[in-house]
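Just below is one structure, and these are the notes that go with it.
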Amino acid sequence: MATGTMATTTAAAESGASFNWGFAAGAAFAGAAALAISQYSGESFSTMSAAADVPVAGLPGTNQERSFFMVKPDAVQRGLVSEIIGRFEKRGYKIVAMKMVTPSRELIEAHYDDLRSRPFFEGLCKYMSSGEAPVVAFVVEGKGIIKVGRDMIGVTDPLKSAPGTIRGDTGVSIGMNSIHGSDGVEGAASEIPLWFSQDEIANWNKTADKWIYE
Ligand code: DAT
Ligand code: MG
């Protein structure tokens, strides 16, 4: 049928009879394209910049609270990146930064600086910066994310983490506990800028928020 239509149109075009129809169709197509372009680059998009003013570390206590998370090498190796990050998306949270990193020893030492005196510090740094697998660092934004993020993760030892939590669902070893999450407002405020520069953070408006926040 399409071929027949094409043939008819071509034959008619050759005779000049379909000029007006062709012009009309062309004009309609051009109009649609112009509309699409104006929607894409027009005011409704360019003025959507309310999120632009959120500071890198977020605004604790508001819907723009932010926390830092990292899928650890064990979970990257086991193919759990999407499983872990998907839980935050499903919960309704907004991901505002994400990258895969093979962290240096220096970066890991700075990240775990408060644990320097602990007996497991050396092993922890060696493991996290071994290079045998990267980590996936990401920043999540949303109401209560610092505490809720920790609740979603579970406690430090996966064996003691409740089923339903990330650690409680994915691991059995304390040193291979799938994910890191900032433990408080201060932790988030230091970890987010340690891992991400300002231009690596996407201050975007999530239109689905109107179905998430009442
Ligand atoms: P969390 O990651 O729950 O905030 P933390 O900050 O006390 O726990 O420790 C950082 C990481 O160090 C933890 O995720 C896994 C490792 N770790 C903690 N306690 C440990 C222990 N007793 N033995 C081995 N590794 C440990
Ligand atoms: Mg911690």
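Note that these values count all heavy atoms, side chains included, but never hydrogens, waters or copies made by symmetry. Just so you know, these numbers come straight off a predicted model, no measurement behind them. In listed order, ligands and their atoms are each counted from 1.
When atom types are taken as modelled, the side chain of Asn177 and the backbone of Asp157 share no donor-acceptor pair closer than 3.5 angstrom.
Enclosure of atom CD in Glu186 is not indicated, since only 12 or fewer non-hydrogen atoms of other residues, nucleotides or ligands lie within 6.0 angstrom. Within 6.0 Å of atom CZ in Arg118, 12 or fewer heavy atoms from other residues, nucleotides or ligands are found, so the atom counts as exposed in its surroundings. In the displayed structure, Lys99 atom NZ is contacted under 6.0 Å by more than 12 heavy atoms of other residues, nucleotides or ligands.
Ser161 approaches Arg167 most closely through the heavy-atom pair OG-CB, 3.6 Å.
Every protein residue with a heavy atom nearer than 4.0 Å to ligand 1 is included here: Lys72, Tyr112, Leu115, Phe120, Leu124, Arg150, Thr156, Arg167, Ile174, Asn177.
Ring geometry for His111 versus His180: interplanar angle over 60°, hence perpendicular rather than tilted (30 to 60°).
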